[in-house]
Amino acid sequence: MNFGGVDENVVTRDEFPLEKAREVLKNETIAVIGYGVQGPGQSMNLRDNGFRVIVGQRKGGKTWEKAVADGWVPGETLFEIEEACRRATIIQYLLSDAAQIEVWPRIKPHLTTGKTLYFSHGFGITYKERTGIIPPADIDVILVAPKGSGTSLRRMFLQGRGLNSSYAIFQDATGQAKERVIALGIGVGSGYLFETTFKKEVYSDLTGERGTLMGAIQGLLLAQYEVLRENGHSPSEAFNETVEELTQSLMPLFAENGMDWMYANCSTTAQRGALDWMGPFHDATKPVFEKLYREVACGNEAQRSIDTNGKPDYREGLEKELKTLRESEMWRAGAVVRRLRPENH
C-alpha cells in the first residue's frame, strides 16, 4: 500500500479476515503473561474473538483479582505464570519491560521447540545484551504492537473499531511465524497491521512516548500555560486555551481528516497564525527530537529505564513524581474544567 508516495507492507482485515485467523490458530493455546497495561485488552479481545486463551499472573496480587473480575477462572483459564507457560503453545509476554527481565528465568524453561514467543514491545529483544532476554533458536519470536494503550485497544474493540498495530518477526523457526503473527494481530483487535522490525518498533516507540505522545506534549502545554498565567490570564482561561480546546475541539477534527482539514475548519486568523508559527516551533524542537533519537539508538534511554525501573522503591518514586504532576496548578485547573463539562451535569 502506498503512503504519501512510499510503499509499505500492510495487512487489513479484508485480506486476512477473523475467520482465517481462527483457522490459523485453531490448535493453539495462547497464554497472556501479565495483566497490567496490555494484558487485559489483548486477552479479552482474543477471548471474545473465539481463540483459546489463558492468563498467567502472580496469584494473590491486585492484577490476579482484576483478572478474576474480568471473567478468568482460576484453575481453568487463570494460572500462575509458570503453569500458564507450560500449557501454552503461544506465550504472549506482556509484562512491563522491568518485570520481563525479572521473570525471564522462569519463562525460558517453558520455551520448548516449536512454541511461539510474542511481544508487544521490542525492548527486551532489541536490548537483549542488557536485558538478558535471549530466546532459544528453535522457537518463533514475533511482535504485535498496538499503537495505543491496552485500554484504548479494548474500548475500540467494544465499539466495533480497530487500533492499528505494527508487526515484526525476529525469529522464524517453524516457517509459520508470518501467518501466526498476522492472525494474532487480527485476533487482538488491530485495525490494520504494518510491517516493522523489533529494533524499529522500539526506537519509534521510545521516541514517540518521550516526544509528541507524552513527554513533549506535556512540556509544550505547560510552557504555554505558564506564559498565559505570567501575563495575567486566569487558570480557567489558560487551561481552556491550552488544553481543553485542543483535546475537545481540534484534535477530533485532526483525527477525522488530517491537519489541513482541521485548519480549514478554523478561522482565517487562526490559519494564518498557525502557518506562520509552525516553522519556528519546528526549528526549535527538531534538535531536541534528534538528540532524543540518538539517546534511544545508542541504548542510553533503555539503560536509564532498566536502572530506574529495577529499583526496589521504583513505584514509590514514580507515584511521588506523578503526584507532583497531578497537583500542579495546570492539572488541578484541568480537574475543575473536566467536572464542568456539560456531559457531567
Query raised in the report: Under the ring-ring contact (aromatic ring centres under 6.0 Å, His included) criterion, do Trp261 and Phe254 qualify, and how do the steps go?
Result: CA-CA 7 Å; Trp261 195 75; Phe254 180 15; over 10 Å; no
Donor-acceptor list for residues 58-65 side chains, cut-off 3.5 Å, not counting sequence neighbours:
from: Thr63; atom 1: OG1; to: Gln57; atom 2: NE2; distance (Å): 2.7

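Note on Ile217 and Val337: same hydrophobic cluster, where clusters join Ile, Leu, Val, Met, Phe, Trp and Tyr whose side-chain heavy atoms are under 4.5 Å apart, directly or indirectly.
Across all non-hydrogen atoms, the minimal contact from Leu94 to Ser120 is CD2-OG, 3.5 Å. Across every non-hydrogen atom of Lys147 and Asp205, the tightest pair is NZ-OD1, 4.4 Å.
Cation-pi contact between Arg47 and Trp72: present, with separation from the ring centre below 6.0 Å and deviation from the ring axis of at most 45°.
Remark: Phe194 engages no residue in a ring pair (Phe, Tyr, Trp, His ring centres under 6.0 Å) (not counting sequence neighbours). Partners of Tyr293 according to the ring pair (Phe, Tyr, Trp, His ring centres under 6.0 Å) rule, which considers only residues two or more places apart in sequence or in another chain, are Tyr203. Remark: Arg155 engages no residue in a side-chain hydrogen bond (donor to acceptor under 3.5 Å, both in side chains) (not counting sequence neighbours). In terms of the side-chain hydrogen bond (donor to acceptor under 3.5 Å, both in side chains) criterion, residue partners of Lys323 (sequence neighbours excluded) are, by chain and number, Glu327.
Judged purely by distance below 3.5 Å, without hydrogens or angles, the side chains of Gln42 and Tyr118 pair a donor atom with an acceptor atom. A donor-acceptor contact closer than 3.5 angstrom links the side chains of Thr242 and Gln224. For Glu15 and Thr12, the side-chain atoms include at least one donor-acceptor pair closer than 3.5 Å.
Annotation: side chain to side chain donor-acceptor pair (under 3.5 Å) contacts involving residues 309-318, sequence neighbours excluded, are absent.
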